[in-house]
Amino acid sequence: MSAIQLATEIPGPRSRELFARREAAVPRGPYNATPIFVKEGKGAVLVDVDDNRLLDFAGGIGCVNVGHANDAVVKAASEQLARLTHACFHVTPYEGYVRLAERMNAAVPGDFRKKTLFANSGAEAVENAVKIARAATGRQAVLAFEDGFHGRTLLALSLTSKVHPYKSGFGPFAPEVYRAPYGYCYRCSYNLTYPSCAVACVDVLEDFFKRYVEAEKVAAVIVEPILGEGGFVVPPAEYLPKLRELTTRHGILLIADEVQTGFGRTGKLWAVEHSGVVPDLLIAAKSLAGGLPLSSITGSAEVMDAPGVGGLGGTFGGNPVALAAAHAVLDQMETGLLYERARRIGDVVSRRAAAWRERFPLVGDVRGLGAMWAIELVKDRATKLPARDETAAVSKKSFQKGLVTITAGTYGNVIRTLMPLVIGDDELAEGLDVLEESIAEVSA
Ligand SMILES: Cc1ncc(COP(=O)(O)O)c(C=O)c1O
């Protein structure tokens, strides 16, 4: 039986009515990728308020790697909700916080003693990581990358690259933030070609430290192991190891922002594991608590203890219900089954995507790792002119056929796959059929 069941026109009358109310009551700022309102989700299927059943390739932007309404997450969170909803770790601490910190310390790469702090969102994790790096190094500057995304609060937004719509009109931004090109081989800023380039995009940072900011002033380099919002860009294998070597040489801390890449998405718990790189600080959020708001910052005990007592925290950071959910997520990650699923999804998606690249000139590049795949659309393969409107059209057509997708990329010309990793083989095939049909229609 088909997972997608469109009972009515889409959006149906209830969604349309709610949208009218949304427009009257909620600012236009928060973008809505689809015109439906959902009422339920299970696994990789969403049910909207008009009883349409849709397949979900977005996972609430990568937050439900264990699936919507995951049984173990629901059980753990509901039991915790009834026992203790909130206490504030600063006032009367609770064991779930310490136990998850212990588990994260063991799960994050690095053969040294670690500590973990919890916050609520990815942006908050970014802010805390920078605070910790500054306190630990006594330096102020932070280097981020073009096409990087690190959140929407002021410091995180300052580190974020994409101007429209994220930054436009919101300045002034935090000082001492610098930016260099990422290892985006399909659109190399230096017009070089991998592997003959020898990953020069890292080597040029030595020059960057001469022209823009001295290395001795740089507290941290913050990097996504694979760009998320920036278009699911997988850098060359040597990229992160070279960045690690460069930062170590200059006493700069390396912050791995695994908010989107973490928790099994790439076929391992962390994307950095594919490179063997051990970052100084690793931050997670999104799928960490299976859809509840929770983020983490993990690093060596020495670095994490640099800020003084009272220097870190927040009212809700490490909420007991979110922590209980995260324990249930980590239990499932530790079985390894979801990593296998991610790799299997990646095999299937990559084969289909490679065929699309052969068949449709619109498909300029396909790339990915595990279940994190990008289909980058271009108007012309030679000029690589981004096909933004066509990408929006593919996403819209897919939605009308019952598949929820989201786009990415500075030019909005990338379709990305963030389906729950529990998606069934038949569901995956059905979703990919929809995507293929939509690309074919837009290509025609
Ligand atoms: C890599 C990365 N860092 C940080 C963030 C910000 O996370 P949040 O939206 O939870 O603040 C995101 C969100 O998409 C992200 O992808």
Side-chain angles (χ1 to χ4, degrees), residues 4-42 44-65 68-69 120-123 149-153 156-157 160 162-170 228-232 259-260 285-287 291-293 374-375 377 386-420 431 434-435 438 442:
I4 296 172
Q5 286 173 32
L6 303 185
T8 61
E9 60 187 322
I10 190 158
R14 290 201 181 89
S15 276
R16 286 204 306 273
E17 189 195 320
L18 277 166
F19 236 91
R21 282 172 54 198
R22 177 249 181 269
E23 281 185 353
V26 181
R28 61 184 182 155
Y31 171 72
N32 301 117
T34 62
I36 49 158
F37 275 73
V38 286
K39 64 173 180 186
E40 286 166 31
K42 190 73 191 164
V45 172
L46 288 168
V47 183
D48 80 0
V49 289
D50 293 291
D51 290 326
N52 293 299
R53 291 170 62 85
L54 297 98
L55 262 175
D56 184 10
F57 271 19
I61 321 190
C63 294
V64 285
N65 286 356
H68 289 286
N120 302 291
S121 65
F149 183 91
H150 299 289
R152 296 171 182 267
T153 53
L157 187 60
T160 286
K162 192 170 173 175
V163 175
H164 283 289
Y166 302 133
K167 301 179 80 158
S168 182
F170 297 138
E229 304 299 307
F232 278 29
V259 167
Q260 193 149 167
K286 289 199 185 283
S287 273
L292 275 83
I375 297 120
L377 304 187
R388 184 194 176 92
D389 294 346
E390 291 82 349
T391 309
V394 168
S395 191
K396 188 170 175 194
K397 279 185 185 295
S398 299
F399 164 73
Q400 284 162 343
K401 299 175 203 296
L403 177 71
V404 176
T405 59
I406 46 174
T407 59
T410 297
Y411 301 103
N413 66 321
V414 176
I415 303 271
R416 53 176 150 166
T417 64
L418 282 171
M419 64 284 280
V434 168
L435 205 47
S438 304
V442 172

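Distance check: Phe232 CZ to Ile415 CD1 gives 11.5 Å after rounding to the nearest 0.5 Å. To the nearest 0.5 angstrom, Ser395 atom OG is 8.5 Å from Leu435 atom CG. Taking CD of Glu40 as the reference point, atom NE2 of His68 lies at 12.0 Å (rounded to 0.5 Å). Within the model, atoms CD1 of Ile36 and CD1 of Ile10 stand 5.0 Å from one another, a figure rounded to the nearest 0.5 Å. With rounding to the nearest 0.5 angstrom, the OG1 atom of Thr160 is 5.0 Å from the CZ atom of Phe149. Here the straight-line distance linking atom CZ of Phe37 with atom CG of Asn32 works out to 6.5 Å at 0.5 Å rounding.
Here the side chain of Arg53 pairs no donor or acceptor atom with the backbone of Ile4 at under 3.5 angstrom. Side chain of Arg22 to backbone of Pro27: a donor-acceptor contact under 3.5 angstrom is found. Of the possible donor and acceptor atoms, one in the side chain of Asn413 sits under 3.5 Å from a partner among the backbone N and O of Leu377. Using a distance-only test at 3.5 Å, with no hydrogens or angles considered, a donor-acceptor pair links the side chain of Lys162 to the main chain of Gly409. No side-chain donor-acceptor contact under 3.5 Å links Asp50 to the backbone of Asn52.
Nearest heavy-atom pair, Val26 versus Pro30, reported as atom, atom and distance to 0.1 Å: CG1-CG, 4.5 Å.
Other residues, nucleotides and ligands contribute at most 12 non-hydrogen atoms within 6.0 Å of the CZ atom of Arg14. Counted within 6.0 Å of CD on Glu17, heavy atoms from surrounding residues, nucleotides or ligands total 12 or fewer; the atom is thus considered open. More than 12 non-hydrogen atoms from other residues, nucleotides or ligands lie less than 6.0 angstrom from CZ of Arg16. Residue-environment remark: NZ (Lys396) stays at or below the threshold of 12 foreign heavy atoms within 6.0 Å.
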May I have the step-by-step check of side chain to side chain contact (heavy atoms under 4.5 Å, CB included) for Val434 and Leu55, ending in yes or no?
CA-CA 10 Å; Val434 168; Leu55 262 175; over 6 Å; no
Trace of the side chain to side chain contact (heavy atoms under 4.5 Å, CB included) decision for Ile61 with Glu229
CA-CA 10 Å; Ile61 321 190; Glu229 304 299 307; 3.9 Å; yes
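Residues Lys39 and Asp51 are paired through a salt bridge, judged by an N-O separation under 4.0 Å between the basic side chain and the carboxylate.
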